[in-house]
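Since the structure comes first, as structure tokens, the remarks are kept for the end.
First the proteins, then the strands, lettered A, B, ... as listed; each starts at 1.
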2 protein chains.
Amino acid sequence: MLTATMPTAAAHPALRAPAAAPQRIADTLQGLQDHVEISRRILHAGDSLYRTGDNFGCLHVVHSGFFKTLNLAADGREQVVGLHFKGDWLGFDGIATGRYGCDAVALDTGEVWSVRYDALLAACARHAPLLGLLHAAMSREISRDRDSLLSLCTLSADARVADFLRYWAEAMAQCGLRNDQITLRMTRAEIGNYLGMTVETVSRALTKLARGQLIAFTERGRRDICIPDVSALAAYVQRSLAPSPVLQ
Amino acid sequence: MLTATMPTAAAHPALRAPAAAPQRIADTLQGLQDHVEISRRILHAGDSLYRTGDNFGCLHVVHSGFFKTLNLAADGREQVVGLHFKGDWLGFDGIATGRYGCDAVALDTGEVWSVRYDALLAACARHAPLLGLLHAAMSREISRDRDSLLSLCTLSADARVADFLRYWAEAMAQCGLRNDQITLRMTRAEIGNYLGMTVETVSRALTKLARGQLIAFTERGRRDICIPDVSALAAYVQRSLAPSPVLQ
DNA sequence: CGTTGGGTTGAACCCACTCAATACGCGTGG
DNA sequence: CCACGCGTATTGAGTGGGTTCAACCCAACG
């Protein structure tokens, strides 16, 4: 069995997912391709896959690219509630009510595979493992959301940014992409919204991490970030928990 | 069709659930009873239904009482990530990994119905509507978690407490219980943890709400709370969004 | 009684926010 | 080519909401 090497510390809470993530992603895409009729669709940065209130009919799986989900309140508040990478499903929130409960927006050019929910259920009836994949994906989504809550409530602003970068790098690795140098597809405003802080705080946190050698900016633009050692970010999060002074 | 009256403002984001919640709960319990072998279990306040890391084998449905789910990080951080009432499912987070990802703890005496996950799947194959109930429950869980994120990131401490009370009262109504006077089953510490603030802030927020006549404490103890008008709480949340001075 | 756990309240502090100025990157058009 | 505008990012100074630290109240209980 070809298990991808996972260089980062395995002790981290958000790392409960099985180490064989690339295999899982491949199985998901293959399973869909083999048993359900799928419709492929290319989206570009800023395009919406679906919007809050749209009639629910399809589930979607990210085949390439990056997506964010936005929760919109009736009063205008909006909140980035999830980031989604290759192999992730989109649209679960629509099953219960028959309407999507959030917006799904592409962060750059990418492809999604869409399947009709009823067709998927029919396929699951014929081919049971497909249902297992579906349930596992929903289960992971729930766990992931809870980990977000945990980080949001228990970490300082700096640590949340560090944890965000670690999460992104982790996701890159699971997609089989290199994660020592990542290009954030989000503006500081989006990151700040996702992490519950302001643009300025995000910026300050990033410069502090750069000062501490935990990350480095590349020559071109400040949206590319070098992460020499992903596990060092996790260590930073741990350190910042203790009331002992970390790095200035 | 007997649709329960929902007195509260329908404009609120967390109110996406179909209005026929009592019917949904009844259907869930009936569906389980009719098609799967269930094992009933009584728990008392503080008892754990399952713990983080336990082998996953069962899903559980609350039949009576109140439960909280606790996310535990390896480093000791713990976070209340969910509250669960009659008809709610517990244990979804265990499907993906084969181990529960959090603790489920009873907030007072209550009964849960447990079903083996594999038995449930088999029953779903025989009786399709059961699968619909399961997926709807998972879908609602995801939506609910996202609403928590939204509140946590976009509301002030006072508004979060108000929103918490509104949510609890809402849940009581959906269970068919009276919601003009609720007994919080949680200590200030638990509430604070759930809402991402300290005990003192929770206490201050409650006294402020009481000063503003939005809630009132009963004669006995400060854990019983009268809510004369639930929709007034939602209105308070809305008001506190605008930078205009609310109530002192 | 004394003790213990939960709750409230006050005072001082501090992290993160607001406000504001500046700098950067990039496309457009002169 | 530079000028210009615009969105984005960074940095500084000042403020404030929420925290920390502390004292105190109260009810339950041995």
Gap between atom [atom2] of [Y] and atom [atom1] of [X] - 0.5 Å precision:
X      : Y      : atom1 : atom2 : answer
A:Q79  : B:L152 : CD    : CG    : 8.5 Å
A:E78  : A:D103 : CD    : CG    : 8.0 Å
A:Q213 : A:D229 : CD    : CG    : 12.5 Å

Positive for side chain to side chain contact (heavy atoms under 4.5 Å, CB included) with A:L83, one of A:F67, A:F66, A:F164: A:F164
For B:L165, the option from B:L209, B:L214, B:N179, B:V230 that meets side chain to side chain contact (heavy atoms under 4.5 Å, CB included): B:L209
Can you tell me the distance, in whole Å, between the [atom1] atom of [X] and the [atom2] atom of [N]?
X      : N      : atom1 : atom2 : answer
A:M197 : D:dG18 : CE    : C1'   : 16 Å
B:I215 : C:dT8  : CD1   : C1'   : 14 Å
B:K208 : C:dT9  : NZ    : P     : 13 Å
B:L152 : C:dA16 : CG    : P     : 14 Å

Touch class at under 4.0 angstrom, heavy-atom based, for B:G192 against every strand present: nothing
Per-nucleotide protein contact string for nucleotides 6-16 of chain D (B base, S sugar-phosphate only, - none; heavy atom under 4.0 Å): --SSSBBB---
Phosphate-side-chain proximity, A:T198 and C:dA16, N/O vs OP1/OP2 below 4.0 Å: no
Lys NZ or Arg CZ of B:R144 over B:Y167 ring: under 6.0 Å, within 45°: yes
